[in-house]
Structures are given as C-alpha cells and as structure tokens.
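What follows is one structure encoded as structure tokens, with my remarks underneath.
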Amino acid sequence: MNSYLVSILQDALGKISDLPKSEFPEIQIEKPRDPSHGDAATNIAMLLARPLKMPPRKIAESLIAKLKTDPEKVSSVEIAGPGFINFRFADNWLYQQLKAVLDAGENYGKGDAQQGKKVLVEFVSANPTGPLTVGHGRNAVLGDTVARLLEWSGAEIEREYYFNNAGRQMRVLGMSVHARYLQLLGKEAELPEGGYEGEYITDIARTLQDEHGDSLSEKPAEDDIFKKAAEQAIFAEIRKTLERMNISMDSFFNENELYESGAIEDVVQKLRDADLAYDAEGATWFKTTTFGKEKDTVLIKSTGEPTYRLPDIAYHANKIERGYDLCLDIFGADHIATYPDVINGVKSLGLDASKIDVVVYQFVTIVKDGKPFKMSTRKANFVTLDELMDEVGSDVTRFFFLMRSPDSHLEFDIAEAKEAGEKNPVFYLQYAHARICSILRKAAEEYGELEDDTNLSLLNHDAEIRLIKNVFDFPGAVSQSAVHREPHRLITALNEIAASFHKFYHDCSILGEERDLAMARTSLLKAVAQTLANGLGILGIDAPERM
RNA sequence: GCGCCCGUAGCUCAACCGGAUAGAGCAACUGCCUUCUAAGCAGUAGGUUUCAGGUUCGAGUCCUGACGGGCGUACCA
C-alpha cells in the first residue's frame, strides 16, 4: 500500500513542478498516531514548501488535484494540519488484505529484506565458570530473538556460542574444584585467591569423588582433570538452561581453535607486516593511536599471554573468512570499548569490517527484596536463570528481557516477576490468543467449519475495522524490529493487536449471531490468532490454546 | 578528564527517518460477569518530556552547554 501511495504521489509531483527528479525530497508515508487523521499520511507538501517557495497547504491542494487514486484502494484524501495529506483506505481493500493474511497463515509477517543473506549471530558466549545468571539472560534472549527476527526477514541464521576454556578464570575454577575435593576427603584445603565459592563447585567435586574416590588427592591443584570436570559439568548445565529458554545453538566455538590453527600468530604477523604492531616493554602492542585512540593497546602481555583483544580480532577475522554476509555480536555495554579495536584489527588484516555489526544492550539491574542486587559469579552472589524459570517459567523470563529497548537499562524485579501471575504483561498476549482459540472451538461446533466464500464485507463495526488495521501493522513491526534489532517494537505492536481484540470481544459476539456474520468474524479471529501466534513465535514464547 | 548509553506520569517504561492533542502497564479511584475465558472492558486522576540556549514550517527526538545516573577508559575477561 505504501509503495502504491508513493508511486501515485510521484506521478502527481511530476505534474505540478518542474524540479529535476534528483531535487525531490524522498516521499515518506507514515501512519498517523491519531486514527482520526486517516490510515496513512505524507508530509511531502511541507518538505516542498522551501524549494517551491509556496505555502505547504497550497502545494498539497495542487498535488491532490493531480492525484489519481484508485477508489478500490483509497476512499478519501484530505489536507490537514500544517499541510499533511491524509489517506483513508477503502473497506474493500481491507477485506482483500485480510483474505491475504489468512492465505499467508503461519508465514504472515515474513519479509525478504535479508533474503539469501547468511548471518552469524554470536551471543551468550559466557565462559564456563558457573551457571547462567539473570545477568546473562538479557544477552541470551536478545540474541536469540534478533536471530529469529532476521530469519523472518529471510536470512539464513547460524547461532554461535564463543567461549574460552583456557586462561586465568578457568585455572582458578579448576583449583577451586580441587580445594573442595580435598575438603570432601576431610583434608585441609583453602579456596585459592579469588576462588569460586558457589555450591556447584562442591557438586562437581563430589562427582569426582564418586568416580575416582581419593585417587586424585595427590594431583596438583592445576591438574587438568579438575578443570575439565568443571567445564564439562558447567557446560552441560548451560546447554540445559538454554534449551529451557527455547534457545538452540548451532555451534560452540572454542577460542583454543584460534591458537591451534595458528590464527593468533597469523594476526600478529600481519599486523607487524602492516607496521601496526611492535614490541616494547616486553609486551607486544597494537598501534591503536593510528586510529585515533589515546594510547596503543597491548596485544600480548609481557608474560607471553595474549590479552582478550587478540583472540577477539582473530575470531572476527575467522567469522568473516567463513563467508557470512553479516556477523552480529550481542554484548553488554561493558564491552563496548573493545569494539573499535576489533573493527580496526579486522580492517588492518584487509578484511571487510562492515560485515560486523553489534547489538549493545544496557545493564540489567536486579531488584531483589526491593533493593538493587550486585551479582558476582565468583562470589556465588547471583540468581540463576534456572532459579528464575523455576519461579516464573521461560515465557515470562523471555518476555521480561525483551519488553524494553536494548538501549534502556532494564530493571528486573524478581519479586514482581514471581508474583507476576495475573498482572504479568505476557499473559495479556497469551490470554488474547487462548480466548480466540476458545471462541473458534465453540464456533466450529455451532456453525461448522469455515467456508471459503465468507463475506468479509460484513465486518464494519468500529472494533472490527480497528482490529483489522492493527493486524496489518504486524509485518511492518517485524521488519522494523529486525532492522533496528529491537524486539520490544514487536511487543508494542502485539500489545495493540491484543488490546483491539479484547475490545472487539467486549463489543462484538460470534455465538448467537446470524451465520454469515458469525463466519466473517470467525475469519477475522483466525487472522488475529495467527498473527499473535506468529508474533509470539518470534519472541520464542508459547501461544497457548487454553489458559 | 575523555568515550558510549540513559534522564518522559508516584514506579517501570513506549513514542517508527524530526510530524498533528506525548502513550501503556503497575499503583489509586469509579463502573461492567445470567450472555463466546473478568488473566478482560470502559472511565477518572496523574506531565513545563531534568534545566538553559540553538537549528526550522514543526523538537521528547537533532546541535551546544549545564545537572543527575549507569558503563567503560587495565600488561582483568
């Protein structure tokens, strides 16, 4: 519809002015906030006021005089306010589109903006040092949902989890298990400096005890067996947690591969060749001052250990070399500072860094017992995602993380999510879907199955028209959410559909109505239920048939 | 100090690329179940969009500067 309006406006535009085509401002069609302003509006007359040196309303008048609208599509065109041109859609067009929604079914809302693109979404990527916490939840849910949105835009998606099982963190983790293991055997042992205090460490030690008795007691704390046991147990838990949240990874990428393949050394060498890396003070540096940073950045510490930036660069280079059209990273605001280094690193290797894009989300503030709660994996001060899902389920968990803009700090009130039961906004959507399903079941009993020749033009109640129009907003909401990587936009649109449905439910009945009308309304509700189900599906949330 | 994000109703947050009278939920108050699920609907109240300038037909949105909050700014990840 929008492209139709743009094309007839362009025609009319050509007739009223002799401006060269390149000077025309882009014709924007938007949906007015206030429904009394019609179904679509354009501000083109206002944009032309300056170049044409005419008052906007005058321009709008002459534009409309030349506008050839198809009465089957547009029922009225009006000038309003400072110079908006408002269009109202013809009812017949609405009915045709509604039919199209029903025909599209579970594909309704799919677009082709990313058709044929191969996209890698990397998210979660928590190192296996402990269970996933509520803090990781936003990353996990956001990443998965953005992936789903891109799938709905036609992209071919791969979900990847990047992790590092070497390094200091993991060493301390293994030593922590070792200490707990000795304690279980009744021996004196202390957690290492900065050790992991969580209960799960003892559980892992107990498993080792069950399998090996005391035969490991002479092993040094750094022995791989402790670390490996921890990694395996923790990863198993992480996978389970993700699965519970409806998240399924396609691949797990171990940072270690980058060392084994020589990719790390390769990066350093190439940077040296490009005169962007040098040795000083026992360390190897990346000349980030070349790119406008205040200081150069250490790539390899004087201990010989790389900083995380080096494998990050190698990893992103690896992703691009694997041939994706887009590599999307999901990370928290605390990692934003490293992003330019990675981009500059990748560029310096002669790769196309424009294929990398990033979704940054702001921190989650956990509110527990009415107070902000500081979490630390190491100190075992955390609420795990599993605990949260035990309380509220995965639907509520996902919804909470998605309902706010990624740019916005998210306050996650545990108590509120727990008691959320009836008040929880996710139920508003699910309830609408369940309510429709219930009606459809009863309508099928009373009137039999839908027939193809349903007379949709019987739908002319205000509540019906509003509902139809809201359903039409869905594909746009999906594509906008995908483009901006902001799932909350989709939630807003779904909320409006649900609200319009609940209003319809109140105003219009089906059972007891004359058959033709009942059938028409049943068709409408099928379209609404389908739309809600599609939308909830993108959010990874169940669309229940009964509640 | 510098960089990024944020500041909107009592609270948590929306507002599509700069559009028309800034919207929801929660909390408060008033109505609506003999009738397809009241996990709902309708209504009342609640705002100088932190402040001061600027840009223009038009600013919550863009620019500058204050103020307030978060996160960075490591040879930690």
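Treat the numbers as computed from the prediction; the structure is a model and nothing was measured. Each chain gets a letter, A, B and so on, in the order its sequence line appears, and its residues count up from 1.
Geometric assessment of A:R309 against the ring of A:F286 yields a negative cation-pi assignment under the 6.0 Å and 45° thresholds.
Under 3.5 Å, the side chain of A:S408 and the base of B:rC13 form no donor-acceptor pair of N or O atoms. For A:N43 against B:rG19, a side-chain-to-base donor-acceptor contact under 3.5 Å is present. Within 3.5 Å, no donor on the side chain of A:Y431 pairs with an acceptor on the base of B:rA39, nor the reverse. Side chain A:N86 to base B:rA20: a donor-acceptor pair is found below 3.5 Å.
With hydrogens and angles left out, the side-chain atoms of A:D329 and A:H316 include a donor and acceptor closer than 3.5 Å.
Using a 4.0 Å cut-off between charged side-chain N and carboxylate O, A:D279 and A:R272 make a salt bridge.
Among B:rC16, B:rC13, B:rC36, the nucleotide with an atom closest to any side-chain atom of A:S509 is B:rC36. Counting only heavy atoms from C-beta on, A:R50 has its side chain closest to B:rC57 among B:rC57, B:rC75, B:rG19.
Remark: A:K295 is not in phosphate contact with B:rC2, judged by side-chain N or O atoms under 4.0 Å from OP1 or OP2. The phosphate of B:rC16 has neither OP1 nor OP2 within less than 4.0 Å of any side-chain N or O from A:R489. Remark: A:S438 is in phosphate contact with B:rU37, judged by side-chain N or O atoms under 4.0 Å from OP1 or OP2.
Using modelled atom types, no side-chain atom of A:R404 and backbone atom of A:H409 make a donor-acceptor pair closer than 3.5 Å.
Residue ring and base: A:F363 does not count as stacked with B:rG70 (centre distance below 5.5 Å and interplanar angle below 30° not both satisfied). A distance cut-off of 5.5 Å between ring centres, combined with a plane angle under 30°, leaves A:H506 outside any stacking arrangement with the base of B:rG40.
Between A:I336 and A:A283, the one whose closest nucleotide on RNA chain B sits nearer the 5' end is A:I336.
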